[in-house]
Amino acid sequence: MPRAWVTDVEGNRYLDCLAGYSALNFGHGHPRLVARAREQLSRLTLTSRAFFNDQLGPFVEALADLTGKDMILPMNTGAEAVETAVKVARKWGYRVKGVPEGAATIVVMEGNFHGRTTTIVSFSDDKVARDEYGPYTPGFRTVTFGDAQALRSAVDDTTVAVLLEPVQGEGGVLIPPEGYLRDVRTICDEAGILMVADEIQSGLARTGRTFACDHEGVVPDVYVLGKALGGGLYPVSAIAANREVLEVITPGSHGSTFGGNPLAAAIGHEVVTMLAEGEFQRRAAHLGSVLEERLTPLVRGRVGGGPGLRAIRVRGLWAGLDIEPGGPSGRELSERLMSRGILAKDTHGSTIRIAPPIVVTEDEVGLLVDAIADALAKP
Ligand SMILES: *Cc1c(COP(=O)(O)O)cnc(C)c1O
């Protein structure tokens with residue numbers, strides 16, 4: 001059985017509602033993933049990309065089917081996949097769109113989180129993540145997330161792409177206004193630029209659909225994937241795009257020692273096979289509606305006489321909870337939850353996010369909400 005529970009060294013059990021920031025969508029130790037990894041571990045783990053291996057082809061073919069794209073470029077971590085997307089967008093801008101080399105700009109969103117490399121923190125507005133790592137990489141323009149007019153105004157002749165999370169996870173599970181992703185798609189089409197969706201945290205069943213963009217029927221030019229693509233066993237990331245875009249990468253112009261290695265490809269292939277069956281998406285959608293229904297009474301409801309929640313945002317089995325002023329801080333609430341056997345993490349002071357493995361049961365979702373109500377009311 002895949003597990004949603006973990007045990008610490010003192011024997012205390014916790015329901016893991018952080019789930020490795022959604023890397024553990026399929027739970028801890030999913031038997032299908034573990035079996036596939038074991039099998040490949042004893043066969044072959046690394047050829048380097050200089051030589052072909054028998055696992056990479058089937059993996060990228062399955063992932064191309066899942067994303068509906070022609071080509072896949074596998075990497076390891078999420079940040080590397082984002083970096084790959086940035087490189088592809090720039091090179092595409094110079095080769096295909098005709099932007100003068102060195103002049104490309106990419107529009108990004110306020111409150112974004114795309115990883116920790118120097119280029120990526122260059123366009124972060126989180127001081128803790130960014131400060132004292134300069135000099136910063138130029139070529140990025142920031143607009144307000146959810147404001148289509150602001151995006152339209154920021155796009156000019158130098159713009160090659162818009163990079164966004166369809167739901168901002170680290171931002172606190174921020175869901176843009178209905179229609180925003182469709183507007184982004186239209187703006188990109190009209191300007192002839194790439195829509196790059198960072199679905200590293202929002203994708204692969206978390207929101208009740210394969211991709212968060214599916215909620216608006218939007219298909220980006222580039223999907224950026226990671227986290228759950230490795231099933232929580234191993235770092236596996238990738239970008240997916242059509243040939244006109246991804247063929248700007250030629251042999252030697254990008255690479256990775258471990259990217260697409262046989263062990264990663266075997267695990268990634270099993271993940272994609274599980275997702276293609278659709279069960280995790282359906283389960284996340286159902287459990288998400290249970291979670292939302294159970295959380296709603298805590299919103300502005302006085303829980304046990306104490307403050308409740310100011311707002312909740314739920315998409316699939318993924319929720320951001322804002323605590324009412326006068327209540328515990330996000331950190332404090334997380335610690336109270338931990339003492340009640342629930343792992344969750346705060347973000348931005350008074351918000352916590354909830355993302356249990358999709359293998360949790362309805363009863364466990366109930367247990368979680370009861371623990372939240374109790375933890376809001378008393379230390
Ligand atoms: C986690 C995350 C990343 C970075 O992934 P790493 O594997 O930590 O490098 C990028 N984008 C989003 C949206 C993420 O949630």
V236 and L229 have their tightest heavy-atom pair at O-CB, 3.5 Å

Hey, is the main chain of I249 close enough, under 3.5 Å, to the side chain of S253 for a donor-acceptor pair? no

Can you pull the ring pair (Phe, Tyr, Trp, His ring centres under 6.0 Å) pairs that have at least one residue in residues 13-43, sequence neighbours excluded? F26-F280

Taking the side chain from N112 and the backbone from M109, do they hold a donor-acceptor pair closer than 3.5 Å? yes

If you look only at pairs with a residue in residues 309-321, which of them pass as a salt bridge (Lys or Arg N to Asp or Glu O under 4.0 Å), with sequence neighbours excluded? R310-D322, R313-D322

Spacing of CG belonging to L164 relative to CG belonging to L151, to within rounding of 0.5 Å: 8.5 Å

Selection residues 256-268 - residue pairs positive for salt bridge (Lys or Arg N to Asp or Glu O under 4.0 Å), sequence neighbours left out: none

Listing request: all ring pair (Phe, Tyr, Trp, His ring centres under 6.0 Å) pairs with a residue in residues 130-155, at least two apart in sequence or in separate chains. F123-F140, F145-Y180

Heavy-atom side-chain proximity of H254 to V88 below 4.5 angstrom: no

For E83 and K87, indicate whether the former's side chain and the latter's backbone hold a donor-acceptor pair under 3.5 Å. no

Just by distance, with hydrogens left out, do W92 and E244 show a side-chain donor and acceptor under 3.5 Å apart? no

To the nearest 0.5 Å, atom NZ of K227 lies from atom OG of S22 at 7.5 Å

Pairwise salt bridge (Lys or Arg N to Asp or Glu O under 4.0 Å) hits with a residue in residues 63-80, at least two apart: none

I need the minimum non-hydrogen distance between V224 and A81, along with the two atoms involved. CG1-CB, 3.7 Å

Minimum side-chain heavy-atom gap L317-P356 below 4.5 Å: yes

G93 versus V160, closest heavy-atom pair with distance: CA-CG1, 3.5 Å

Which pairs, with at least one residue in residues 22-48 and sequence neighbours excluded, count as a salt bridge (Lys or Arg N to Asp or Glu O under 4.0 Å)? R32-E270, R32-E277, R36-E39, R43-D54

Return the CD1 to CD1 distance between I352 and I354, rounded to the nearest 0.5 Å. 4.0 Å

How far does CD1 of I342 sit from CG of L367, to the nearest 0.5 angstrom? 5.5 Å

For residues 343-350, which side-chain N or O atoms pair as donor and acceptor with protein atoms under 3.5 Å away, sequence neighbours left out?
residue : atom : partner : partner atom : Å
T347    : OG1  : E170    : O            : 2.6

Determine whether L56 and P262 make a side-chain contact, defined as any pair of heavy atoms from C-beta on separated by less than 4.5 Å. no

Is there a side-chain contact between V248 and V245, using heavy atoms and a 4.5 Å cut-off? no

The reported gap from OG1 in T67 to CG in L63 (rounded to nearest 0.5 angstrom) is 5.0 Å

Would you please name every residue forming a side chain to side chain donor-acceptor pair (under 3.5 Å) with D363, sequence neighbours left out? none

Exercise: do T105 and T158 side chains pair donor with acceptor under 3.5 Å: yes

In the structure I gave you, are the side-chain heavy atoms of Q55 and Q40 within less than 4.5 Å of one another anywhere? yes

Under a 4.5 Å cut-off applied to non-hydrogen side-chain atoms, are R331 and E335 in contact? yes

So which atom in Y234 and which in A264 form the shortest heavy-atom distance, rounded to 0.1 Å? CE2-CB, 3.6 Å

Are I72 and M274 linked, directly or through other ILVMFWY residues, by side chains that come within less than 4.5 angstrom of each other? yes

Between V143 and D147, is there a side-chain heavy-atom distance shorter than 4.5 Å? no

With distance as the sole test, does N76 use its side chain to make a donor-acceptor pair with the main-chain N or O of G259 at under 3.5 Å? yes

Using a 3.5 Å cut-off and no angle test, enumerate the donor-acceptor pairs between side-chain atoms of residues 185-200 and protein atoms at least two apart in sequence or in another chain.
residue : atom : partner : partner atom : Å
R185    : NE   : D189    : OD1          : 3.3
R185    : NH1  : V219    : O            : 2.8
R185    : NH1  : D221    : OD2          : 3.3
R185    : NH2  : D189    : OD1          : 2.8
R185    : NH2  : D221    : OD2          : 2.9
T186    : OG1  : R182    : O            : 3.0
D198    : OD1  : I200    : N            : 2.9
D198    : OD2  : H114    : ND1          : 2.8
E199    : OE1  : S202    : OG           : 2.8
E199    : OE1  : G203    : N            : 3.4
E199    : OE1  : A212    : N            : 2.8
E199    : OE2  : A212    : N            : 3.1
E199    : OE2  : C213    : N            : 2.9

Under 3.5 Å, is there a donor-acceptor pair between the side chain of S122 and the main chain of T137? yes

Atom CG of D157 with >12 non-hydrogen neighbours under 6.0 angstrom: no

V108 side chain reached by R141 side chain, heavy atoms, under 4.5 Å: no

Heavy-atom donor-acceptor pair, E364 side chain to T361 backbone, under 3.5 Å: yes

Transitive ILVMFWY cluster of F52 at side-chain heavy atoms under 4.5 Å: who else is in it? none

Keeping R13 on the side-chain end and G341 on the backbone end, is there a donor-acceptor pair under 3.5 Å? no

What are the two closest heavy atoms between P328 and R336, and how far apart are they? CG-NH1, 3.7 Å

If only atom types and distance count, is the side chain of T159 paired as donor or acceptor with the main-chain N or O of A161 below 3.5 Å? no

I need the minimum non-hydrogen distance between R90 and G139, along with the two atoms involved. NH2-CA, 4.4 Å

Would a distance-only check, ignoring hydrogens and angles, find a side-chain to backbone donor-acceptor pair under 3.5 Å from R283 to V360? yes

Above 12 or not: heavy atoms from other molecules or residues under 6.0 Å from CD of E110? yes

For L174, does its backbone N or O pair with a side-chain atom of Q168 as donor and acceptor, under 3.5 Å? no

Going by ring-ring contact (aromatic ring centres under 6.0 Å, His included), name the residues that satisfy it together with Y223, two or more places apart in sequence or in a different chain. F211

Any chance you could measure L46, atom CG, to N53, atom CG, to the nearest 0.5 Å? 9.0 Å

Any pair counted as side chain to side chain donor-acceptor pair (under 3.5 Å), so long as it reaches residues 209-219, sequence neighbours left out: T207-H215, T210-Q281

